[in-house]
Structures are given as structure tokens and as C-alpha cells.
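In what follows, chains carry the letters A, B, and so on, assigned in the order in which the sequence lines appear, proteins first and then strands, with residues in each chain numbered from 1.
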Amino acid sequence: MQVNENFEPVIVAFCCNWCSYAGADLSGTNRLNYPTNVKIIRVPCSCRVNPIFILRAFQRGADGVIICGCHPGDCHYTSGNYFTRRRITLLYSMLDFLGIERNRTRLEWVSAAEGAKFAAVMNQFTEDVRKLGPNRRLEDLRCRKQ
Amino acid sequence: MFRISAEKLNDLFDRIASKQTLYIPVDREDKAAEYKKYESGMTLSSALNTVRSAKDFFFPQTENLAEFRLSGKTIEVKDIRSEHEDFVIFGVRACDARSFGILDSVFLSEPVDTFYKNRRDHGTIVTMACTRPEETCFCTTFGINPTMPGGDVSVFPDGTGYSFLANTEKGKEFMAEISDMLEEGNPAQLAKVQENTRNILKRLPLANLKTDSFGGERLMKHFSSEKWAELSESCIGCGTCTFVCPTCQCYDIRDFDTGNGIKRFRCWDSCMYSDFTKMAHGNSRNSQLERFRQRFMHKLVYHPSNHEGEFGCVGCGRCLSKCPISMNIVKVMKALEDK
Amino acid sequence: MNKNEKDWIDITSGVNVRKCMRCGKCTATCPSYAEMEYHPHQFVYMVEKGDIEPLLNSDSLYKCLTCFACVERCPRGVEPAKVVEAVRLTAVRKQGNNHLIPDQIPAMLDDDMPQQAIVTAFRKYTK
Amino acid sequence: MQEAMIKRAKELLADGTVNRVMGWKKGEFVYDTTPAVFETAEELEKEFVCNDFTQANLSKYLIKESRKEGKILAFLKPCDTYSFNQLLKEHRIIRENVYVIGIPGGPKLDMEKIKAKGISGILDVKNENFTLKIETLYGTETMPFYEAVSGKCADCKSKKHVVYDELIGEDGDVLASRRFDMVEKLENMTSQERYDFWRGELSKCIRCNACRNVCPACTCENCVFDNPKSGIDQKAAADSFEENMFHIIRAFHVAGRCTDCGECSRVCPQNIPLHLLNRKFIKDINSLYGEYQAGADTTSKCPLTDYDTDDCEPSIVHERGVE
Amino acid sequence: MQRIGVFVCHCGTNIAATVDVKAVAQALANEPGVVISQDYQYMCSESGQDLVKAAIKEHNLSGVVVCSCSPRMHENTFRKAASAAGLNPYLVEIANIREQCSWIHKDIASATEKAVVLGKAAVAKVHLNTPLTAGESPVVKRALVIGGGIAGIQTALDIAEAGFEVDIVEKEPTIGGKMAQIDKTFPTLDCAACILTPKMVEAAQNEKITIHSFSEISDVKGFVGNFTVTIKKKARFVDETKCTGCGLCTEKCPMKKVPNEFNMGLDNRTAVYIPFTQAVPKVATIDPNYCMMLKNGKCGICSKVCSVGAIDYKQTDRFVEQKYGAIVVATGFNPIKLDKYDEFAYSWCPDVVTSLELERLMNAAGPNGGTLLRPSDKKHPHTIVFVQCVGSRCDDEKGKPYCSKICCMYTAKHAMLIREKYPDTEVYVFYIDVRTPGKNFDEFYRRAVEQYGVHYIKGMVGKVSPKADGTIDVQASDLLSNEQLHIDADMVVLAAAIEPDKTARPLATMLTTQMDTNDFFTEAHPKLRPVESATAGIFLSGACQGPKDIPETVAQASAAAAKAIGLLCKNSITCNPCVAHSDELMCNGCSACEKVCPYGAITYQDKEFRMPDRTTAIRRVASVNPAVCQGCGACTVACPSGAMDLNGFSNSQIMSEVDAICK
């Protein structure tokens, strides 16, 4: 696949308020860099992420979507991330089944203590998406930037 | 009448396609036929009709109407209309050909729908006479003669070739372009084929379906019929009948916020849908019975009432074969007709 | 410290020597203890320090029975036997030939030699 | 079969067990049967039909019918009983108001498959020893019965009735079907091939909503795609994205609830193999979270409202099969 | 039309150094609905907040966006400020341009661009914010303490002291827990019973405290301030109200071969029993697994000898339902099972014992009356080997990854006690590390070495092999002298790791509290809220939260009590308004939401609706109890019809953020 050096992917990260958002804050507190491409949306729990939001992001021009939640067993709401894990596994599998590139979607568990992991995950994910190039298979042409 | 032999049909398509966009019905993998933009080597479908009707060419399922953009606190409106390119639809059956007239009566009456007119002006309709009608066909009920299909140019298959007859000015222009490829017709052979078709038409299971019990003057009788409840009870309220119908012309206008502006578009709507003509106060027809009744009343009563007796159905039979629960206009007509 | 050698051992053994918490249970459990100049815990510790040269030159390498008692007992899952094995492998590769060649082995066998030891020996010397 | 059903229905009407009968009504042709409610013995005698073409799943109608006055008799094929059970589980059907008679299932026939053979002008279809004798306007044609079997019956998962008050005919067993073969075939394609396959299929969609409206799992009062408040309502696929969106979300919303009754693909006027999307979810659920058959009972937890602390991670999607 | 104010904070140079704050303010000023966009040095400062307040009043703002640090930092600050200025606090949104922008990016241009996008997303969201009002729910003035060990007793006493009713639920027939089994305590070497038993009696006599012994929790419903708990009072076949604890039945019971769990199975008890003399409540219990009468209806002696007629063979489990405002978990710990450690021969050599067993062997009330004798032959042991870290600090599935914390100290205590009482006995302690932080702890351990001559050897025991002569060969390493040792020991004492009680896991599920992978309850915050669980109204006391010694346990017990008292003092508590709600017109009653709700906040009811077609219909619809809902949003995704939505994080709000970011 051709890598366009100038391609700057748009990446939407859904982070649960209790672990991953705090993890993202920690990576900021520790001044750990990750690309500006990543924009975080705070949700109370990873289980709040509706598959519709993920598709919506792709529709509107996102090139990658990542969901971050508490590690399984650590959910602030006890079980939210267990539901997330099932739902998102199935959804990603379906997107893959429809021929959407696998590396455009990811789910990671990042605790409030894992600032370094958060930054590393975002660096890696951004690179993976950059390699894929712009999202063409699940975009809405009407929303493409002129 | 001029004729081309079946082997040379694709040469003819190549010629037409070299001048303007040509659409012909082709078979899909699932053996259903659909109109496709002609590319060299495509084979004309032998199916009687396409799943989707030919109305799509003039009244597509979605069509952009305008664009707006917010810049600062002002709204900028962008007119996106442009002249449509010339195109030819080949192989339209008599029923679909008639449907254009019905659509015209809606879209071309004042105020004229310029989007529709634009497409209509640039489209040349080449029809194809039927030789193997299906059991679901009932075009003759509405006075359509499938052996004389109309359109700008009529094409008559005779088994080994196709005869061409121009019906309109546009048709004559079309014929002039291809005249060098045509040879003299064989009226005798054609007459035999037509005779054969007429015989089959008489034997069609729905050949005796009559419109006598319908029309504008029968409004109250049919509207208040007790039959609707039974007829509509298993309707699932989908839009299949509407969307495969060549004469249904209802649409909804919607705005889509792209994030960089608004695109205003129209798209087909179905009176079978629960949110059809939803207004501020809510819906005007709240039960499936009312919605179901609307669809058939429109075709059989309101349309002839508003358009000089012309029914809103051409008997193409698509809804008969596509309705998920096999409820259709024929069953409605039979239930409501005078006994 | 020979960093390359250490990395090589880390990779070939697949062992993270830093997991060792210096409890010595490996040595406490080692049946070859008396024969060994360097004991299992020393292997782990010295590899961690990068102090590999003495190990390479020691006979201890070949005294390990690869019985895996240390692997079984280690509370941290360090797997000292694998470290020993990796060091041994380094030695073998360094010398360019084997400590023993398989043909030499039959002559060294006696009736008391347990079958397991013979199998282990073959495993060791035919790398 | 049809006679036995009519006879039993008349008995139950007569003794007051039920006041209505849900079945299928004859049409203009042999194949265009319509789900219908019968209220009298005369209607049953005259119009009731159960033949090779009575495919429609009646379960969904019982949501509405079970809320009416009195009890209704419903004839359910094995596959329909799964839908019925699933609807019971979701509190959509009032069980007391339905008298279920299990009837043998298919294989039912698909007219489209007969027509795809180039047979047209069909006047009658008779099954003679598993050869179809088809009367047409253009003479008599024959074809093997099994080549005309509808897609949903060809992949039949079970001939067992999971819920009924009484049975007409024998009860069957859960079958070892090969229904996941096509899903597997797609899984083994490359991502690009899969994309092309689905683009080809989904671009045919005319958004008639037949799949959704017929689906016994789609019983929302107001579908998100019809509800302007949802922010994702759409009336037609104005962009290929919307085609994908509709079918992905619809499949997701019925995931773990879809009984694989096959109605979606049966009714699709464009013959899109929509059931493959649902089957993909079923296959994934079975392989990742343990065998689960929606509608097999009314008590087990739907895999999507349940979890196991040891569930696999989504990375499994990234790791398996072909990219 | 919205009137939104945007406030961009410099945070000194924290933000301003890498984000062009003026440009951000300018860019956001052009967003629809924005009527004022300002930047300021420190938005969170008094004057910064005044700026926001003034703008709210002056421009009659309908929404506020603050571009500043993480909302986890100052969201509350700005909500309070908005509230003070008369704007509903939930109409404030924070764009995190410090932690998630200025601090992680170096390039000013791209960081500024990102800050603008984050700001736009917040503006887009605030457009859809709705005023929310936090509800209130009353607090039941009664606490439940689960577990009647020293932690539970201390917590209950403290809460009762503050004047609130407390119930203790203990699964054993008596309260007292592990401490009741312990002989002496470190570092003072005073008698455990002398400390514990007066507290047990105090708890029994305190009129505010109700003890449910031999009871378990079978169900927990409700939420902070209003829990409804079902307590299962297991059948003990003795009427607690009649039994005087005279013990006559236990003397007469013919079934005398029941392993005595109180003495770690080192001796036997009778089928009807009182665990120990100072048991509270001092009531007999019949063990149905051994009682002849209950097993085959033959015996009935206890019933005959009981002068008060307390024996009731027909007794069944009873369920008591009670409402509580606060729950304290004090389920304690147990030593792990050592049957997987073949190398220590624990399973088959009676002279290899655990420390808790040694505790009983040395106890005056223990099986040997306080004389230390080998269990196998009742001989006096001359060499005793202690093995530390058995199952602790293990990276495998056999043991536990954590340090059990108390073993170093109790082993020093045991070694010291043995050397003091039996100076002829040699004591060896094999250790990996000696961990004795704490007041007077290291001094204590040094005393064992220096004053009592205990042999501390750095190394681990590799193999314990009982020999034919009755001694035990202990093969170990001495790491400091780089040797493998063999010691002929008479007894081996294993410092088994401790683990949370097995009842804790199902309890956590009922309480919807979190546990770590080791089944210790997780505190809400290790430093800020160490005795609270993340679930409001559930507090943690003692070793259920992590390994602890007695002083720490008691300290935490009192701390948990203080937290519970703090809650019980309130008449009502404010609820989080960011809760789910269901649109009844959309709800189809499928119950998917109910099944994923971890709090049981969703209930269904049949309601009559007027349908669009002018008929009425009874429909089953979901409703959310806002006091119970914690706002996770699991239900919103489970709901296929989109009927369920979440205040503060609604579908449309999140989608508007997505749109703004992807634009």
C-alpha cells in the first residue's frame, strides 16, 4: 500500500471517564507525546459507546476510531467494559466482514495509571491508520472535505 | 419499418453508446434484470422486465436539489442544477413507457418540476414490444397494448431480429443516427409474432381484470369499504410496492448536514410508511389500514379523478411478484370490484 | 559487560531474568547442586549482570540435568533451567562445535545411567 | 396437511378455545399466499391454504394479534416457533392469548428460483415425486424440487418446534446445517474481495425496509432509522455509506436476538443475501461466546446482554483469517 | 437561539506556551451560537471565575465552554461558578486543552489547531446540553457490617458509639474471626484474647448493635442511603433466644469425632458445639453434617439434656429483610490452601504446619493446652524450620502475586515465643526478604535475632522430605554463603499467603463493588478514598481490601466507621443527575436495558398509552430510578430503539462532538 507522507488521519478516541480519560490526562501530566490527530471524546464508560457513534465518525471523515476503557474487572460500573468487549468485538468483526480495514478500529484497556500506555497506544494506532491511508470504504462522500 | 438482425444488436449498441449514454436491461448474477449503463460486450436481458422500473432515469431515488453553506452568520445558497447529458434507455416495456406519461402528468404540470423535465428532455426512450408476457401481467386492463409499446422509438422483436419504428421527432433523430445499420423489415414475420403474442395475452390469468368498478366517481363507496381492514391486515408497511412501482411519484425533501454545509435532497417516499407526510401536528394517516387504503385509492380513484380518468397503475406486475406478503393491487381490485 | 551476549541469551531463553526476586529456591531444589560451580540462582543473577564469561567457561553448564525442578519450583516463573540452556547454547555456538558429539556418547554410558539422563544428554548435545 | 389444519382450526373455533385463526390465504396464483386472520369456519374452508409456498413467518403478527380480544390460533412452522419464543422472551407477545399449533416446516419453494431457470408465465406448480411439474403459458416445464427450495429452507437449522400447545405431524430435530458455509467463504476472502462483494450487494438496496419490517426481531415502536430524534434517520440511502450504515446497525440491533428465520433475504426485492450479516453475528457469537440459538428457550441470557469475565479481546478480529 | 460563552484559559504558560490561546478564542467566536469568546491567564482563579460569572449575567448566556485543563480537575469549579451566576451548572462544558493538548504537543500551529477542534466539539455539545437538577434521596439511619472479625466489630462499635443502629452479619456461629484464633500479637506479645474478647462482649451488649451470627447475605438491592438487604439466618437447630450457652449438650453429644475448625482441624469437637469458650453469642450450634439426629433421626440426646428446650431439629434457614443506609464490608482473609505445594510435604506430613496451625498449637486453649508438641507423635520439637513467602510473591497460578505483609512479623513472633519458652529448640527462618516496616516492627525482628538467637537464613526451602526416623529433611539454599543446606528438623512451619475470604467475590457482585484480580475489594482511590469502595455507600474495613495486620485493620475499621457515620448523619444525599432515562413512547419493553444494568435501576411497568391511531394500548415500558442509576450508559447501547438515553452524555451530544471533530 502506498503511504502518503502528507496524509494526516483524523482519529476519534472514545475514552471512559474513570480510567482511560484519566490515563490520557496522566500522559499529559507526564508530557508524553502523541499525535495531534487523536481527539478524545469523554464518555462515562466504554459501554456508552454506541456502534452508531463509530459509524458516524467514519461517515464524517474519521480515518480511525479507538475506544479505551478500564481494564476488564476494573470497570467503575462493575460490568460496563465487559459489555463493551462483547459488543465491540462483534462490531469490529462485522466491519471486517464487510471489508472495512481492520486497523481502522481498535479497543484498548487503559487504566488511570497507564499514561505511558495511552501515549504508546495512540502513537501506534495513528501510525497504523496513517499506513492505511484515508478512509474510503466507510466514508460518506457528501461529507468529504472540499 | 427497419430491421436489424439479432447478431448485430450489439454493434448497434456500440454505435449508440459512442454518441450518448445508453442504458440497457441486463441480467444480474441472480438472474434478475436491471438497467445498466451499456459497456461493450453486455448482453441484452431476455427477462420480461427489470426489478426496478425505468422511472429511475427521470425520477431517481435520491436527487440533490440545492446546497447551503453557513459562513459566519450568513447563509450562502448554491444552485447545483446543471443541464443533464443526453441518454438513451433501450428496452423499455409498454407498461413502463406508459408510466412516463403518468409521471409527466404530475411533474410536468404547473409548476413544472425542472429536475424531472431536464432529465425527460434529454432522454430518448426506446421501447421493446413484449412477446412473452408473464402471468403477473395485466397492462391490458389499463388499455396498454404490449405489442405496440410506444416511446420515442418502438422496437419489435421477431425472433431473429428487431424492427424499429420511430414515434416522435426525437425518435426520428435517433433513427437517423443509426439508419445505416438497419435493413428492410420483414412485416410478415413480425405480424406472426404479434399475432402469437395477442393470443397469449388473451390467455393471461389476469386478462379479465377490469377497471369498470373504479374511477373518480367511486370515491366514497371505496373509501368507506369494509374490505380495507381485511386487505391491509397483513401489510407490513414496507415500501417495496412503492419503490418497484413505475408510477409512484411521492418524494420527501430532506436536509443533510455534511459538517461543511447542508445538502438538500429529495428521495422517494412511500405512503405505506408510518412517517409519510408527517407534519407538525403528527401524521395524517395513523394506521396501516389508512396508509394501505391511500395507496390503492390513489391509484384507482384519486389519480383518475385528477387526471382525466387515467389510472395510476400500468399493470406491470412488479408489486405482484415483489410484495413480501403477496398483497397487491390485483387482490384489492378484485375485492372491491362490483359483484 | 557483553551486551550482545546477554541479549542473545535473553532472546534464546525467552526468560526475563529481571523477574528473579533472589529467593534461591532454584538452588535449594537443585539435584545437581553439589556438582555445580555456579548454581541455578547464580546463572540467573550473573546473566542479569551480564557477567556471562565465567559461566561460559564453567563446567556447570554441563552439570545441569535439565530436570526442570527449578522451573517447577520457581515462585516467579523465571525458569532458570532455560537460562542455563541458553548459556550452554551460547557456549556451543561459540566453540563452533559441540561439547560432545552424539557418537561419543554411547561409550560413556553405563548400566546405571538413567534413561532420562540419556535422553536429556541427547537433547543437550545435539543442538 | 392443509385439510388436517383446517379441521383442527374449525374444532378449536367451535369449542371456543380460540376466536381467530392465523394462517395463510390463497392468492391469485399458486404461490402468492398472504398471511391472514380467519374468523369463521367458512372463511377457513374457502381461503385457508398451506402449501409449498406458505413461507411467511407468522410470529411477528402475533405481537399485535395477541393484544386483541380473545385467543388466536397460530400455525407455526419450526423456524417460526423460534421467532415466537424470542418474542415471548422480549415480552412482545402475550402467551396466554395465543394457541400455538406446530406444523411441519418446509422445504418451501421460492418462485424466484423457478423463474431464474427461465421458466415464465407460471400457472401452476405441482410436486410430483420431488420433480416439479410447472404449467406455464408456454407449455409444461419440469425441474428438480430441490433446485427450487427457498434459501431459508435450504439452510434449515432445525425441524424442532421449541414452543407449541399441540402439534400436527411429527416433531423434528435440530439439524446439523451447513448454514455458515457462505459466511466462512466470505471470511476466507481478502478484505478487498469482501468489500467488493458487499458493495455489489448492498448497492442494490432500494431501502424499501421490507427486511426490517418483516423481521420478527425488529419490533421497535419506532426504528432509529425512522426517528428524526435519533440523529441517524434516513429515508433512502443518499450515499453508499447509508446503505452500509443501515444494514450494519440493523444487523447489530438484532444480534443475539436473530433466530435466523431467513425472512429478510426472502422478502428482499433485490435478492440481497442479508441473512449473511445476521449469520456472521451468530457464527461469531457461537465461536466466541459459546453456542447460542436465539429463541431456543425463553430464559437464557442474550449474549449481548451477558458477559463472561474471560471473554476474548476484540484483537481476535485483528488476528484471525485474512486481512 | 443559544447564547454561548467561550472562555480560554492560558493556565499561566501551561497552555499558552504551546497553544495560541488568542487564536483559539478568536476561532471559537465564529462558531454558531457563540456570543462571547475570551481568554484569560488563570480561568480557575477567583478573578477568572468572576469573568465567567460576569459574562453569564451580562450576555445572558445559555451555555458555557471553558477551554482549560482536564474536566476531572476543574469541571466542578466552573459548574459552581455558573451556578453562582444563575446558570444551571450542567450547561457548562470543558474542552481539555491542557492535559490532552498543550502538554503533549510541541508544535504551536498543530496544537492550536487541535485546541480549536476540541473547543468546537465542546461548543457543539453545549448546544445540546439541557439544565439538569440533581435529585435527593433519603438516608436510612442504619448500617450493616458484613463480617464479625476484629474489623467488623471495631467498625460496628464505632458506628454504634455515634448513635446509629448497626447490624453485624457473621457467617460463623460466633464473631471474633481470625483474631480469636491467634495466641499472642506482635509487636507487644500481649494476649490476643485479652484484647478481642472484651470487644466481642461489648458488641454483644451494645443495644445499638444486632449480631446476626451464622448468617449470610443473600441479596442486596437499592443504593446509597437506601439498601435493602436480605440476610439468610442459617439453621443452627438451636433456638438462640433460649440457649444459655451452658455447654451441657456439647458434653453429652455422642458424636465426638468432628474436626474442630477453630483449632484448624488439629483436634475434634462434637456435632453440637460452641466454637470456643468466649464465643459471642455463646450459643450452641448443631452441625447437620455430623448430627445423628439430623442425619438419620437417631439420637436426640442434646434435646433431652437441654434444660431450656433450646434444641430445635426442625429449624430451617430464615430470611430477614432489613434496610440500611450504609454497608461496611469486613469479610477478612484466610490462609491459602497449600495442597499444591508438593515440595513442602504439607499434605502428607503432619509435622509440616501452617503458621495459623502453629498459633493453635501454642495456644493455651488449643489442642495441647499450650504446650508445643509435634502433631505426629506429641513429642517436643528440637529443631523448627520456618519457611517464609509460601505462596506469596508468586508469579504462577499456585500462589499469589502480592506480599501477604503479616508473615514476617508473625514468624518473628513465633520464633521468639518458641525460643523463650523452649530455649533448647533451634529455630531457623528461611526468608527472601524480611519486611518489617512499622512502628517498633524492625526492632521486634532484630530482637528475635539478637536476643533470642533465631537463625535467619537468606534463601528459600526447595524441598521438605519427611524421613523414616520421624525427622524431616529440609533442603534449602543459603544465598549469602552460596550453599545448599540440609537441616534435620522436627517441625516445619509454613507462612502461607493470605487471600480474601471466598465469600467476598459473590458478595462483591451483589454489592456491585469492584474487586482486583486477587479478589481484594478495590478502594475508590488508594490515597484519597482508601476506605470507600467506588460504589457509593459501600465502605471497606480490614483485610478484605488488602493484607493487613491487626493495628492497621483496627485503624481502617474506625476510618470506615467514620465514613459510614458521615453518610448516616445526613438526612438525604444528592444524586448524580447524569442518569439514564427512557422515552416511553419509543420503548418497546424488550428488557435488554434491564439485563445490562449493574445497579438494578431499571424496572418495567405496564402503562396505558394513547396511540397515534387514536386507540389506547397497554404497553410495557422501562423506567429508570434516578437515585439508583449511576449513569454508565450500558442500557443506552443495549436499547435497539434508542429509547434509552443518558443525561449529560446523550446520543445527540456525543454525535455532535463526533461531527465537530471529524469536520
Side-chain angles (χ1 to χ4, degrees), chain A residues 1 46-47 50-61 65-69 71-75 78-109 125 128 132 135-144, chain D residues 183 186-187 189-199 201-202 224 230-232 238-242 244-249 251-253 255-256 276-285 287-289 303-323:
Chain A
M1 188 170 293
S46 57
C47 70
N50 196 313
I52 290 171
F53 304 161
I54 299 168
L55 296 183
R56 175 79 161 212
F58 283 124
Q59 174 186 29
R60 300 281 159 161
V65 175
I66 180 166
I67 301 171
C68 298
H71 285 268
D74 291 350
C75 177
T78 353
S79 51
N81 53 4
Y82 288 127
F83 293 120
T84 310
R85 187 160 62 177
R86 281 205 170 182
R87 290 167 183 166
I88 299 301
T89 302
L90 290 175
L91 178 77
Y92 286 179
S93 179
M94 177 53 78
L95 294 180
D96 176 51
F97 188 61
L98 291 169
I100 312 305
E101 302 93 332
R102 294 169 181 188
N103 286 343
R104 291 205 190 278
T105 51
R106 192 159 300 174
L107 177 100
E108 288 283 346
W109 311 123
F125 185 58
D128 290 351
L132 287 175
N135 160 34
R136 290 288 174 253
R137 295 185 184 175
L138 204 53
E139 76 163 338
D140 192 325
L141 280 172
R142 297 172 296 177
C143 302
R144 198 188 275 192
Chain D
V183 175
L186 283 163
E187 285 171 345
M189 290 179 178
T190 64
S191 173
Q192 182 69 47
E193 285 166 347
R194 280 198 297 271
Y195 178 73
D196 293 341
F197 172 85
W198 282 112
R199 210 69 297 288
E201 291 296 343
L202 296 181
V224 286
S230 75
I232 57 158
D239 184 273
S240 63
F241 171 83
E242 291 192 329
N244 289 333
M245 171 89 164
F246 176 77
H247 291 290
I248 295 170
I249 294 300
F252 188 81
H253 278 175
L276 293 178
L277 296 176
N278 302 322
R279 276 199 194 146
K280 168 65 179 167
F281 274 130
I282 296 172
K283 184 170 179 281
D284 276 349
I285 287 169
S287 65
L288 301 177
Y289 310 122
L304 268 105
T305 57
D306 197 12
Y307 63 85
D308 196 283
T309 52
D310 299 328
D311 281 342
C312 62
E313 294 294 328
S315 53
I316 195 164
V317 177
H318 298 255
E319 285 151 12
R320 69 177 172 203
V322 191
E323 163 66 49

Pair count under 4.5 Å, heavy atoms only, with chain A: among D:His247, D:Glu242, D:Met245, highest is D:Glu242
Aromatic plane relationship, D:Tyr307 with A:Tyr82 - under 30° parallel, 30 to 60° tilted, over 60° perpendicular: parallel
Applying a strict 4.5 Å limit to non-hydrogen atoms, the region of D:Glu193 in contact with chain A is neither
Output for pair (A:Leu91 CG, A:Asn50 CG), nearest 0.5 Å, gives 9.5 Å
Cut-off 4.5 Å, heavy atoms of chain A, and the answer for D:Leu288 is side chain
Notebook entry, point to check: Is any side-chain heavy atom of D:Phe197 less than 4.5 Å from a side-chain heavy atom of D:Leu276?
Noted result: yes
If one checks every heavy atom of D:Asn244 against chain A at 4.5 Å, the contacting part turns out to be side chain
Turns out that what part of D:Asp196 lies under 4.5 Å from chain A's heavy atoms comes down to neither
Residue from D:Ile285, D:Ile232, D:Asp306 scoring the most non-hydrogen pairs under 4.5 Å with chain A is D:Asp306
Okay, D:Ile316 and chain A: the region with an atom under 4.5 Å from a heavy atom over there is side chain
Honestly, the part of A:Thr105 sitting under 4.5 Å from a heavy atom of chain D is both
Most heavy-atom pairs under 4.5 Å with chain A, out of D:Leu304, D:Leu202, D:Val224, belong to D:Leu304
Notebook entry, point to check: Is the charged tip of A:Arg104 near the ring of A:Phe58: under 6.0 Å from the six-membered ring centre and within 45° of its axis?
Noted result: no
Cut-off 4.5 Å, heavy atoms of chain D, and the answer for A:Glu139 is backbone
Requested in this report: Go through the steps to decide whether A:Glu101 and A:Leu138 satisfy the test side-chain contact (heavy atoms from CB on, under 4.5 Å), and finish with yes or no.
Outcome: CA-CA 9 Å; A:Glu101 302 93 332; A:Leu138 204 53; over 6 Å; no
Inset, instruction - Would you kindly check if the NZ (Lys) or CZ (Arg) of A:Arg137 is within the cone defined by 45 degrees around the ring axis of D:Tyr195 and under 6.0 Å from the six-membered ring centre? - result: yes
So, the part of A:Pro72 with a heavy atom under 4.5 Å from chain D: the answer is side chain
Less than 4.0 angstrom from a charged side-chain N to a carboxylate O is my criterion; do D:Arg194 and A:Asp96 meet it?
yes
Subject >> Min side-chain heavy-atom separation A:Arg102-A:Tyr92 under 4.5 Å >> reply: no
